[in-house]
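What follows is a single structure, written as structure tokens, with notes after it.
Small disclaimer: the values here were computed from a predicted structure and weren't measured. For ligands, and for the atoms within them, numbers begin at 1 and follow the listed sequence. Quick note: numbers below take in every heavy atom, side chains included, and nothing from hydrogens, waters or symmetry partners. We number each residue from 1, following the sequence as shown.
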Amino acid sequence: PRRWTGILDRYRAWLPVTDKTPSLTLCEGNTPLIPAHQLSDRVGTQVFFKYEGANPTGSFKDRGMVLAVAKAKEEGSRAVICASTGNTSASAAAYAARAGMEAVILIPDGYVALGKLAQAMMYGAKIIAVRGNFDAALQLVREVADEAGLTIVNSINPYRLQGQQTAAFEICDALGRAPDHLCIPVGNAGNISAYWMGFCAYAEKGVVPNRPRMHGFEAAGAAALVKGEPIEHPETFATAIRIGKPASAELALNAARSSGGGIYAVTDDEIREAYRLIAREGVFAEPASAASVAGLLSLHRQGVIRSGETVVCVLTGNGLKDPDNAVAVSQTQPMVVDCDRRAVAAALGVGR
Ligand code: F0G
């Protein structure tokens, strides 16, 4: 038996890992590619979920963070800093703890899902809640990092995207080729860029014969790439992608354009509906992740996705991250009954 030891080991040849790079892992990666039966029936093609919620901190960020933190340590840094809508900060805090480093995180006060905040607190980060949005927090990080001697581990750190390519590698390794379409949520626009880098690297080296069409989905209230200009006050219930000035805009637009895909907007109602549909397949993803499935349904209605094609929807984060939205959106409520057999039987509609 060979134990899975994380992406730096598994994809070492594809990453800037050298003998000087400290080994670091929480055994991230190797996430399941789950067939989505109900969705496949609905759209008449083969749909898979790439379930990134199965990573150690519950999101895809771990793939980029393990490399960014390992390289920061290699370069002699003692602390990392990031701005975050929650997942990046949870991951930075975890890998910093693992590497024996400090983590400083800037979050938009009041707009981070409860599970993500709990993680950063437990992993021991210094948490600064800014009265402003993610874009403002990222600007502040850029301004203070140097002076404070902190390494930025947002996706403007090139190691982040390099590590995140490994999800594309895994999809290709699992399918034996690239899918025909990749549907992915877009916030700061790093992940779609990383996937495209990964698919291109595999195709260029002849590991796979094809590349997917890349379809990225922004929340309609935060759709800067679709609108072609920054959004001053981005709004969406999918707080992970409540971003109005995506840092990797150019890379993301290039991925969409050169793959024959696109960047589109999906409404909060569409995201909410997809959020429920995914869960009804037995898979719990957070709201932002559901933008990929909302997008798939929209592309299917437009006839962009044809029968017989293979589609992968990236589910970027675990549903447990955001219990408040889950409870708010769910259509079932617990039935509270007395603690006896007759009350439970009555609740089940049996007995008399
Ligand atoms: N899905 C989830 C669950 C996210 O947390 C993010 C980004 C995205 C999608 C979008 O990915 O930014 O690479 O386009 N979260 C960042 C954070 C911004 O701070 O955790 P992207």
Side-chain angles (χ1 to χ4, degrees), residues 50-55 57-65 68 81-94 103 105-108 111-113 115-117 119-120 125 127 130 133-135 137-138 141 152-157 160-161 163-165 167 182-197 214-219 222-225 234 236-253 255-256 263 266 271 274-275 278 284-295 313-322 325:
K50 180 61 173 166
Y51 188 51
E52 290 292 281
N55 276 299
T57 78
S59 86
F60 70 95
K61 305 288 182 178
D62 295 345
R63 298 176 182 277
M65 201 56 71
I81 185 170
C82 65
S84 180
T85 55
N87 281 324
T88 298
S89 50
S91 188
I105 68 175
L106 270 68
I107 54 172
Y111 288 90
V112 168
K116 304 175 188 181
L117 187 59
Q119 288 180 288
I127 306 171
V130 176
N133 61 29
F134 168 83
D135 305 293
L138 181 55
V141 163
I152 300 178
V153 293
N154 279 104
S155 54
I156 53 177
N157 176 327
R160 280 279 313 280
L161 298 196
Q164 284 170 215
Q165 294 179 93
L182 189 94
C183 295
I184 186 167
V186 170
N188 211 23
N191 207 27
I192 186 172
S193 308
Y195 269 80
W196 183 236
M197 281 168 51
M214 303 288 293
H215 306 290
F217 300 94
E218 299 184 302
L225 298 183
T236 168
F237 93 110
T239 51
I241 53 172
R242 186 174 169 271
I243 294 174
K245 200 170 179 293
S248 298
E250 288 315 313
L251 288 174
L253 289 167
I263 310 282
V266 286
I271 296 174
Y275 182 40
I278 297 163
F284 195 16
E286 66 170 284
S289 305
S292 63
V293 170
C313 291
V314 181
L315 300 184
T316 47
N318 196 305
L320 294 170
K321 293 267 193 180
D322 195 348
N325 269 315

To the nearest 0.1 Å, how far is atom 11 (O) of ligand 1 from its closest protein heavy atom, and which atom is that? Phe60 CZ, 3.5 Å
Test your reading of the structure: does Gly190 have an N or O sitting under 3.5 Å from an N or O of ligand 1? yes
Taking the side chain as C-beta and beyond, is there a heavy-atom pair between Glu52 and Lys61 under 4.5 Å? no
I need the nearest protein heavy-atom contact for atom 13 (O) of ligand 1: residue, atom name and distance, please. Asn191 N, 2.7 Å
Going by the atom numbers of ligand 1, which of them fall below 4.0 Å from some non-hydrogen atom of Ile243? 18 (C)
Close-contact set for ligand 1 against Thr88 heavy atoms, below 4.0 Å: 16 (C), 17 (C), 19 (O), 20 (O)
Evaluate the side-chain proximity of Ile107 to Leu117: yes if any heavy-atom separation is below 4.5 Å, no if none is. yes
Which atoms of ligand 1 are found less than 4.0 Å from any heavy atom of Ser84? 17 (C), 19 (O), 20 (O)
Tell me the protein heavy atom at minimum distance from atom 4 (C) of ligand 1, and give that distance in Å. Ala240 CB, 3.6 Å
Taking only residues two or more places apart in sequence, or in another chain, which ones meet Ser155 in a side chain to side chain donor-acceptor pair (under 3.5 Å)? none
Please write down residue, atom name and distance for the protein heavy atom closest to atom 5 (O) of ligand 1. Asn87 ND2, 2.8 Å
Looking at Ser193 and Ala252, would you say the former's side chain and the latter's main chain have a donor-acceptor pair under 3.5 Å? yes
So which heavy atom in the protein is nearest atom 1 (N) of ligand 1, and how far is it from that ligand atom? Thr316 OG1, 2.6 Å
Residue and atom name of the nearest protein heavy atom (relative to atom 7 (C) of ligand 1), distance in Å to one decimal: Lys61 NZ, 3.0 Å
Within the structure, is a non-hydrogen atom of Asn154 found at a distance of less than 4.0 Å from ligand 1? no
Could you verify whether a donor N or O on one side chain and an acceptor N or O on the other, from Ser59 and Thr316, lie under 3.5 Å apart? no
Give the numbers and elements of all ligand 1 atoms closer than 4.0 Å to a heavy atom of Glu286. 3 (C)
Out of all atoms in ligand 1, which are within 4.0 Å of some heavy atom of Ala189? Include the element for each. 12 (O), 14 (O), 21 (P)
For Val186, counting its heavy atoms only, list the atoms of ligand 1 lying under 4.0 Å from any of them. 14 (O)
Say you draw a straight line from OG1 of Thr57 to CE of Met65; how long is it, rounded to the nearest 0.5 Å? 8.0 Å
For Lys116, give me all partners under side chain to side chain donor-acceptor pair (under 3.5 Å), at least two apart in sequence or on another chain. Glu286
Would you mind checking which non-hydrogen protein atom is closest to atom 8 (C) of ligand 1, with the distance to 0.1 Å? Ile241 CG2, 3.7 Å
Closest non-hydrogen protein atom to atom 12 (O) of ligand 1, residue and atom name please, with distance? Asn188 N, 2.7 Å
Under a heavy-atom criterion of less than 4.0 Å, does Ser59 contact ligand 1? no
Under 3.5 Å, N or O to N or O, is Gly187 touching ligand 1 that way? yes
